[in-house]
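All of these numbers come straight from a predicted model, not from anything done at the bench.
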Amino acid sequence: MASHHFTREWQQPKSVSMLESTLRAAAPPDVALPVDETGSELKRGAFVNTIAMLASNFRGIFTFLVARLLGPAALGTYLVAWATIELLSKIGLFGLDNTIVAFIARSEAADDRARSHALFRLAVWLALLQSIIIAVASIIAVRLFGDRLGLDRQLASAISIMVCALPGLALYYINTAVSRGMKVMRHDIFSRGITQSTVTSVAFLLALTVGLQTSAPAFAAVAGTAASGIVALALAWSLFRTASMRPAGFSYRAEAVRLLSYAANISAYDVLNALIVRMDVIMLACFIGRAPGVTLPVVGIYGAVVEVASGLRKVNQAFNPIFAPVVAGMTVHGEQERAAAAFSQVAQWMLWILLPLLAVMTFAGGTILSIFGPAFRQGSTWLIIVAIACGTNAIVGLAETVIMVQKPRVNVLNSSITCVFAFIANLFLISRFGAMGAAFGILLPYVLLGILRHRALRFVFGWRNPWANVGAPFIGALVALVPAVVCRAITGGVAGEISSSVVFLGVYFIVWRRHRARTQSGAGAIQMSSI
């Protein structure tokens, strides 16, 4: 009976978003979750997600090892190949990782653990099959057309090896999504944060000892993703130890059609976003020897810049687990004013964190990049531009969540426009300005995406001023900027970079404390204790 009810519910218009579906699964219309219980659950999920986000940064150890032991050229080869593999993984997944979250959540809401188990098995096999097909097709394509397209032979070799990581990535994404659908957030800490980071670094060092050299990063990436996928599979499997293998009336063929049909709407959006995020690195590699100053070592230095700046994007990951369910609940019940206030407040919280991080990358970018090696200091100017781009991406990602809940097709349209613009911008700017052009090639599309999403919030949802509370962090940053600039002007070298960063953080912290003291508890904010 529960399975039949579940099947009927999924035959709804495909424009309904995953977040809204998950929300409705978690809280049926006639059952309201207790206020304190909901708030506590969201806070626990946010805390665990933040730990997982921090653990995922251990992957930077592997990047550091490649840069230090093999140099910027080898790092460039690896990072371009990895960006390509991540894009191919989105094509191979076909949106199943996001889709299975909603399907599992609805099954659990119907108290049908056997169905959840069957869906889990189905999603794993579908993702593996699709990823293997993409991997085989990619190897054939690289071998047949690599030389004709002028692809660097080292890069072609790295891509040919690293496409073998696609099944491991598929296992990781699908099984982590299943765990999240079961409301278990901590699995990501063990599968990717610890396992992948550790195995990748160890495999890289072992590969070097046996003399693989330039191909060592590629083999290490395959080993790390395989280990991560296996651990994620084992952890997700442990959630179904007591469940039956297959519920009565369950058809794998029919459910596969439902999964893929629902995933089709998400897949295009995921691929577009993945392409926008990685387009600058991939296109910069295509201009090696064809644009001013673009060489393989320069691509490696630029890739390290993107790796460092991408930490700003992850700030969004600490807030979305809190914000997404809250704003989804408000908009589903027509509370647009409360949703706008929540959006504005969360945007302010994010800016209080993003602006000091951006300042540190601006003042001490050379020192940060020199960790990878002396040659990487030349990317300090690029780091400023790319960091602004990643910070912008983190902020506009909040608007993405709001739009996805209510008008998912608007997000697809915005991403399509931005993707085309990003391609044209990178094509023009890289060909004329090299790596600096790539930096602006990632900044300008995010600015455009922010404008498009702002217009959607104002004219589609009627939010008059969705950024009402963001002034305070900017004022605090301007106040802290003055003494930091003076300090940087009178002190040169590494000492000047570090001291100006410290001065900025100190003044900024004081301004934040004063702002917090002046702000009355609960005024204009969505207090998590009362969600």
Side-chain angles (χ1 to χ4, degrees), residues 46-47 49-51 53-57 60 304-320 322-323 343-371 377 379-398 439 442-443 446-447 450 467-491 493-519 524-525:
F47 174 76
N49 203 63
T50 301
I51 298 299
M53 177 195 71
L54 294 174
S56 69
N57 287 325
V305 166
V306 173
E307 286 283 301
V308 172
S310 293
L312 297 179
R313 287 195 185 109
K314 295 181 180 180
V315 173
N316 182 281
Q317 297 177 16
F319 286 89
N320 251 341
I322 309 172
F323 179 66
F343 175 87
S344 182
Q345 185 61 63
V346 174
Q348 184 194 92
W349 292 341
M350 289 182 62
L351 281 171
W352 280 117
I353 297 173
L354 286 169
L355 290 176
L357 294 176
L358 176 59
V360 170
M361 292 183 187
T362 300
F363 286 114
T367 301
I368 295 171
L369 290 173
S370 65
I371 295 173
R377 287 188 67 93
S380 58
T381 305
W382 310 336
L383 179 59
I384 298 172
I385 307 302
V386 178
I388 294 173
C390 292
T392 303
N393 182 32
I395 288 293
V396 301
L398 283 178
I442 190 176
L443 173 61
Y446 283 141
V447 172
W467 309 96
N469 292 332
V470 302
F474 282 110
I475 293 173
L478 289 174
V479 171
L481 188 63
V482 175
V485 169
V486 172
C487 180
R488 185 69 183 91
I490 62 178
T491 309
V494 176
E497 293 182 1
I498 296 175
S499 60
S500 58
S501 299
V502 171
V503 168
F504 182 95
L505 294 176
V507 176
Y508 189 83
F509 178 75
I510 294 171
V511 173
W512 172 74
R513 288 297 298 267
R514 293 192 64 181
H515 169 79
R516 187 181 180 189
R518 289 196 308 266
T519 304

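Separation of atoms OG1 (T362) and CG (L355) is listed at 10.0 Å; rounding is to 0.5 Å. Once rounded to the nearest 0.5 Å, the distance linking CG of L357 with OG of S501 reads 11.0 Å. Rounding to the nearest 0.5 Å places CD of E497 at 7.5 Å from OG of S370. In this structure, CD1 on I395 lies 8.0 Å from CG on N316, to the nearest 0.5 angstrom. Rounding to the nearest 0.5 Å gives a distance of 10.5 Å between CG of L358 and CG of L351. Here CD1 of I388 is found 10.0 Å from CG of L383. Values are rounded to the nearest 0.5 Å.
Panel note: side chain S499, backbone G496; a donor-acceptor pair is recorded below 3.5 Å. Under a 3.5 Å cut-off, the side chain of R514 and the backbone N or O of A517 do not form any donor-acceptor pair.
Nearest heavy-atom pair across A387 and L312 is O-CD1, 3.2 Å. The minimum heavy-atom distance between G379 and V305, with the atom names listed, is O-CG2, 3.5 Å. Residues L505 and P356 come closest through the heavy atom pair CD2-CB, 3.6 Å. For C487 against S500, the heavy-atom pair with the smallest separation is SG-N, 3.8 Å. Summarising the geometry of R313 relative to Y446, their closest heavy-atom pair is NH2-OH, 3.3 Å, with the distance given to 0.1 Å.
W349 has its side chain out of reach of L354: every pair of non-hydrogen atoms, C-beta onward, lies at least 4.5 Å apart.
Below 30°, between 30° and 60°, or above 60°: for Y508 and F504 the angle between ring planes is below 30°, a parallel geometry.
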Set out, in order, the CA-CA distance, both residues' side-chain angles and the distance that settles side-chain contact (heavy atoms from CB on, under 4.5 Å) for L443 and V386, then state yes or no. CA-CA 7 Å; L443 173 61; V386 178; over 6 Å; no
Starting from the C-alpha separation in whole Å, work towards a yes-or-no answer on side-chain contact (heavy atoms from CB on, under 4.5 Å) for I384 and M361. CA-CA 7 Å; I384 298 172; M361 292 183 187; over 6 Å; no
Would you sort out whether V507 and W512 count as a side-chain contact (heavy atoms from CB on, under 4.5 Å), showing the intermediate values? CA-CA 9 Å; V507 176; W512 172 74; over 6 Å; no
What's the verdict on side-chain contact (heavy atoms from CB on, under 4.5 Å) for R513 and R518, showing C-alpha distance, side-chain angles and the deciding distance? CA-CA 9 Å; R513 288 297 298 267; R518 289 196 308 266; over 6 Å; no
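If you check the side chains of S380 and R377, you find no donor sitting under 3.5 Å from an acceptor.
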